[in-house]
Student: 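Before anything else, here's the structure in question.
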Amino acid sequence: MEDTEVRDLISDLPQSILESILSRLPIRDAVSSSILSTKWRYRWTTLTHLVFDDNCALLEGNLISFITRTLFLHQGPIHKFQLSTSYLQCCPEIDQWLLFLSRSGIKELVLELGEGEWFRIPSCLFNCKKLTRLELCRCEFEPPPSFKGFLYLKSLNLYQVLVGPEAIESLISSCPVLENLSLSYFDSLALTVRAPNLKYLCLEGEFTDICLENTPQLLAMSVAMYMTEDTAEHFEQSSSCNFMKFLGGVPLLERLIGHIYFTKYLSVGNRPGKLQITYSHLRVIELYQVSFEDMKEILVVLRLITNAPSLTELKISGSSHTSAATESPDLAFWAKECPKDCTFKQLKCVTMTDMSGVPHEMEFIKFLLANSPMLEEMSISPCVYVMDCRMNMLIELLKFRRASGQAEILFVQE
């Protein structure tokens with residue numbers, strides 16, 4: 001008798017606690033709880049979060065039937081629906097699931113299907129007025145003319161999505177509380193972002209142009225730009241100042257990560273002179289594949305770091321071709337372009353990777369050491385293809401004056 005009462009203790013817990021327990025189980029196990037007893041038969045049907053992933057697909061012989069049955073038996077609102085599996089491709093049942101979800105108060109929707117034919121999003125998705133998070137992968141969509149926006153959407157992630165540039169811009173601007181935006185796009189795209197509450201931005205793909213027109217609340221961004229011959233030619237012909245179009249209206253920026261070709265893009269149309277903006281909150285800057293043979297790219301780096309008084313961490317990787325970068329270097333550039341009274345008062349950590357030891361790289365390191373009184377560590381890793389001049393790099397580094405008595409230089413050889 002006592003054993004029976006102990007077993008019933010779980011079943012007699014409040015409904016909210018039982019739902020909390022079930023919500024922590026994989027969806028297949030939660031549904032299987034219906035066989036425990038008559039009390040448990042319909043417990044799972046009120047779950048508000050439904051996640052179908054690869055594990056679920058492997059355990060279920062027919063994933064489509066399982067999802068359809070789960071939705072058919074479900075009762076009440078569904079706040080989160082996530083379908084992330086490589087085992088399911090485009091199928092007509094997905095249209096029916098989305099239609100059902102559009103009537104169930106859905107707030108978070110994640111669709112990530114396997115390789116194959118891309119799924120076309122039905123128009124009923126745009127009737128999900130309560131969405132706060134939307135993630136779409138390997139699909140295509142076009143908002144209907146009647147679409148007025150997702151008024152509550154805070155996070156938007158589009159990965160390998162086929163959609164016209166005007167539709168993307170319209171979608172972004174019609175989400176007034178959008179805070180997190182991530183776009184991975186593989187076709188040429190000229191993008192203007194208007195999102196007054198945007199805080200986090202991640203862009204990856206082949207962009208011909210990017211303009212942050214209304215993003216005053218932006219805190220962090222990561223950008224990776226792929227370049228083809230066509231986009232490279234477009235850059236060369238452009239007369240506008242990419243630096244100001246991209247970074248001219250982000251005064252609250254705290255973290256900036258620029259991957260391949262980012263500094264190249266910012267250098268197009270870069271006008272000399274003092275910036276009209278100070279990045280008072282910018283603490284971390286990471287710039288990858290910076291060409292120290294291109295004076296315009298070096299100028300981009302200098303303009304960024306000298307206008308970031310709160311900078312504490314700097315990471316830079318080089319991409320210089322040793323032969324080109326050592327030919328008649330204009331070292332007078334540094335005396336001309338570096339502010340005489342520049343001091344990096346909060347810079348503590350500098351990481352330089354893929355260094356070739358070319359003159360402009362060494363001058364940049366010299367500039368940092370001489371003007372960073374709080375520097376604690378500078379790590380320098382030579383490029384794996386540079387072997388002959390490593391000892392010369394090290395000897396020259398030891399000669400540089402250091403504004404910080406506690407600065408430690410680490411010369412990392414791999």
Student: Only one of L156, I106, L101 passes side-chain contact (heavy atoms from CB on, under 4.5 Å) with L131; say which it is.
Tutor: I106
Student: Tell me if a side-chain donor or acceptor on T85 pairs with a main-chain N or O of Y87 at a distance below 3.5 Å.
Tutor: yes
Student: List the steps and the verdict of side-chain hydrogen bond (donor to acceptor under 3.5 Å, both in side chains) for Y159 and E135.
Tutor: CA-CA 8 Å; Y159 178 76; E135 294 189 16; over 6 Å; no
Student: What is the minimum heavy-atom distance between I121 and L125, and which atoms define it?
Tutor: CG2-CD2, 3.1 Å
Student: Return the minimal non-hydrogen interatomic distance between K130 and Y152, and the atom names on each side.
Tutor: CA-CD1, 4.2 Å
Student: Test of understanding: with side chain to side chain donor-acceptor pair (under 3.5 Å), list the residues that count as partners of S84, not counting sequence neighbours.
Tutor: Q82
Student: Test of understanding: with side chain to side chain donor-acceptor pair (under 3.5 Å), list the residues that count as partners of S65, not counting sequence neighbours.
Tutor: N62
Student: Tell me whether the count of non-hydrogen atoms from other residues, nucleotides or ligands lying under 6.0 Å of CE in M295 goes above 12.
Tutor: yes
Student: Go through the structure and list residues passing side chain to side chain contact (heavy atoms under 4.5 Å, CB included) with E408, not counting sequence neighbours.
Tutor: L410
Student: When you measure from the side chain of H259 to the backbone N and O of M225, does any donor-acceptor pair fall under 3.5 Å?
Tutor: no
Student: Could you give the distance from CD1 (I380) to CG (L394), rounded to the nearest 0.5 Å?
Tutor: 9.0 Å
Student: For the residue pair L375 and Q406, what are the closest heavy atoms and their distance?
Tutor: O-CG, 3.7 Å
Student: When rounded to the nearest 0.5 angstrom, what is the spacing between CG in L299 and OG in S267?
Tutor: 9.0 Å
Student: Can you name the residues that form a ring pair (Phe, Tyr, Trp, His ring centres under 6.0 Å) with F364, not counting sequence neighbours?
Tutor: F292
Student: Any non-hydrogen side-chain atom of L266 less than 4.5 Å from a side-chain atom of L247?
Tutor: yes
Student: Verify whether the ring centers belonging to F81 and F52 lie closer than 6.0 Å.
Tutor: yes
Student: Restricting to pairs with a member in residues 100-113, which pass side-chain hydrogen bond (donor to acceptor under 3.5 Å, both in side chains), not counting sequence neighbours?
Tutor: E108-R133
Student: Is the shortest heavy-atom distance from the side chain of L191 to the side chain of I168 under 4.5 Å?
Tutor: yes
Student: Can you tell me how far apart CD (E361) and CE (M352) are? Round to the nearest 0.5 Å.
Tutor: 6.5 Å
Student: Hey, could you give me the NZ/CG distance between K199 and L178, rounded to the nearest 0.5 Å?
Tutor: 11.5 Å
Student: L189 and D209: side-chain contact (heavy atoms from CB on, under 4.5 Å), yes or no, with the steps?
Tutor: CA-CA 7 Å; L189 176 65; D209 198 14; over 6 Å; no
Student: Write down the atom of A195, the atom of I172, and the distance for their closest heavy-atom approach.
Tutor: CB-CG2, 4.2 Å
Student: Do any N or O atoms from the side chain of N180 and from the backbone of K154 form a donor-acceptor pair under 3.5 angstrom?
Tutor: no
Student: Output the distance between atom CG (L282) and atom CD1 (I305), rounded to the nearest 0.5 Å.
Tutor: 11.0 Å
Student: Nearest 0.5 Å, what's the CG-SG distance between L109 and C128?
Tutor: 6.5 Å
Student: Report yes if the side chains of L158 and S184 come closer than 4.5 Å at any heavy-atom pair, otherwise no.
Tutor: no
Student: Considering residues at least two apart in sequence or located in another chain, which fulfil the side chain to side chain contact (heavy atoms under 4.5 Å, CB included) criterion with D294?
Tutor: K264, S291, K296, E297
Student: I'd like to check M362 versus L397 (side-chain heavy atoms, cut-off strictly below 4.5 Å). Are they in contact?
Tutor: yes
Student: Which heavy atom in C342 sits nearest to a heavy atom in T306, and how many Å separate them?
Tutor: SG-CG2, 3.8 Å
Student: Could you note down all residue pairs passing side-chain hydrogen bond (donor to acceptor under 3.5 Å, both in side chains) where residues 136-145 supplies at least one of them, sequence neighbours left out?
Tutor: R120-E140
Student: Under the side chain to side chain donor-acceptor pair (under 3.5 Å) test, which residues partner E286, sequence neighbours left out?
Tutor: R255, Y288
Student: Of L256, L198, N197, which is the lone residue that meets side-chain contact (heavy atoms from CB on, under 4.5 Å) with L218?
Tutor: L198
Student: Does NZ belonging to K80 count more than 12 external heavy atoms closer than 6.0 Å?
Tutor: yes
Student: Can you list everything that forms a ring pair (Phe, Tyr, Trp, His ring centres under 6.0 Å) with F126? Sequence neighbours excluded, please.
Tutor: F141, F147
Student: Taking ring pair (Phe, Tyr, Trp, His ring centres under 6.0 Å) as the test, write out the residues that go with F400, two or more places apart.
Tutor: none
Student: Assess the residue pair F246 and F262 against the criterion (ring pair (Phe, Tyr, Trp, His ring centres under 6.0 Å)); give the C-alpha distance rounded to whole Å, side-chain angles, the decisive distance to 0.1 Å, and a yes or no.
Tutor: CA-CA 11 Å; F246 199 90; F262 181 64; 5.5 Å; yes
Student: Which pairs, with at least one residue in residues 161-178 and sequence neighbours excluded, count as a side-chain hydrogen bond (donor to acceptor under 3.5 Å, both in side chains)?
Tutor: none
Student: With distance as the sole criterion, is a donor-acceptor pair present between the side chains of T343 and N371 under 3.5 Å?
Tutor: no
Student: Assess the residue pair L183 and N157 against the criterion (side-chain contact (heavy atoms from CB on, under 4.5 Å)); give the C-alpha distance rounded to whole Å, side-chain angles, the decisive distance to 0.1 Å, and a yes or no.
Tutor: CA-CA 6 Å; L183 299 179; N157 187 337; over 6 Å; no
Student: Looking at K345, I'd like to know if its NZ atom is crowded, meaning that more than 12 non-hydrogen atoms belonging to other residues, nucleotides or ligands lie closer than 6.0 Å.
Tutor: no
Student: If you apply the rule side-chain contact (heavy atoms from CB on, under 4.5 Å), what do you find for V301 with I298, and how did you get there?
Tutor: CA-CA 5 Å; V301 177; I298 299 175; 5.6 Å; no
Student: Does L98 form a side-chain contact (heavy atoms from CB on, under 4.5 Å) with L111? I'd like the steps, not just the answer.
Tutor: CA-CA 10 Å; L98 291 177; L111 287 180; 4.1 Å; yes
Student: Between F344 and F367, does a ring pair (Phe, Tyr, Trp, His ring centres under 6.0 Å) hold up when you go through it step by step?
Tutor: CA-CA 10 Å; F344 303 106; F367 171 66; 5.7 Å; yes
Student: Looking at L347, is its backbone amide N or carbonyl O close enough to the side chain of S372 to form a donor-acceptor pair, meaning the two atoms are under 3.5 Å apart?
Tutor: no
Student: Which pair of heavy atoms, one from C383 and one from S356, lies closest together, and at what distance?
Tutor: CB-OG, 4.3 Å
Student: Any side-chain heavy-atom pair from I316 and V350 closer than 4.5 angstrom?
Tutor: no
Student: Under 3.5 Å, is there a donor on one side chain and an acceptor on the other for E254 and Y279?
Tutor: no
Student: Check for a donor-acceptor pair, side chain of Y226 on one end and backbone N or O of I260 on the other, with a separation under 3.5 Å.
Tutor: no
Student: Could I get the full list of side chain to side chain contact (heavy atoms under 4.5 Å, CB included) partners for T312, not counting sequence neighbours?
Tutor: R283, Q346
Student: Can you confirm whether F100 is buried at CZ, in the sense that more than 12 heavy atoms of other residues, nucleotides or ligands lie under 6.0 Å from that atom?
Tutor: yes
Student: Fit a plane to each ring of H49 and H79, take the angle between them on a 0 to 90° scale, and name the class: parallel (under 30°), tilted (30 to 60°) or perpendicular (over 60°).
Tutor: perpendicular
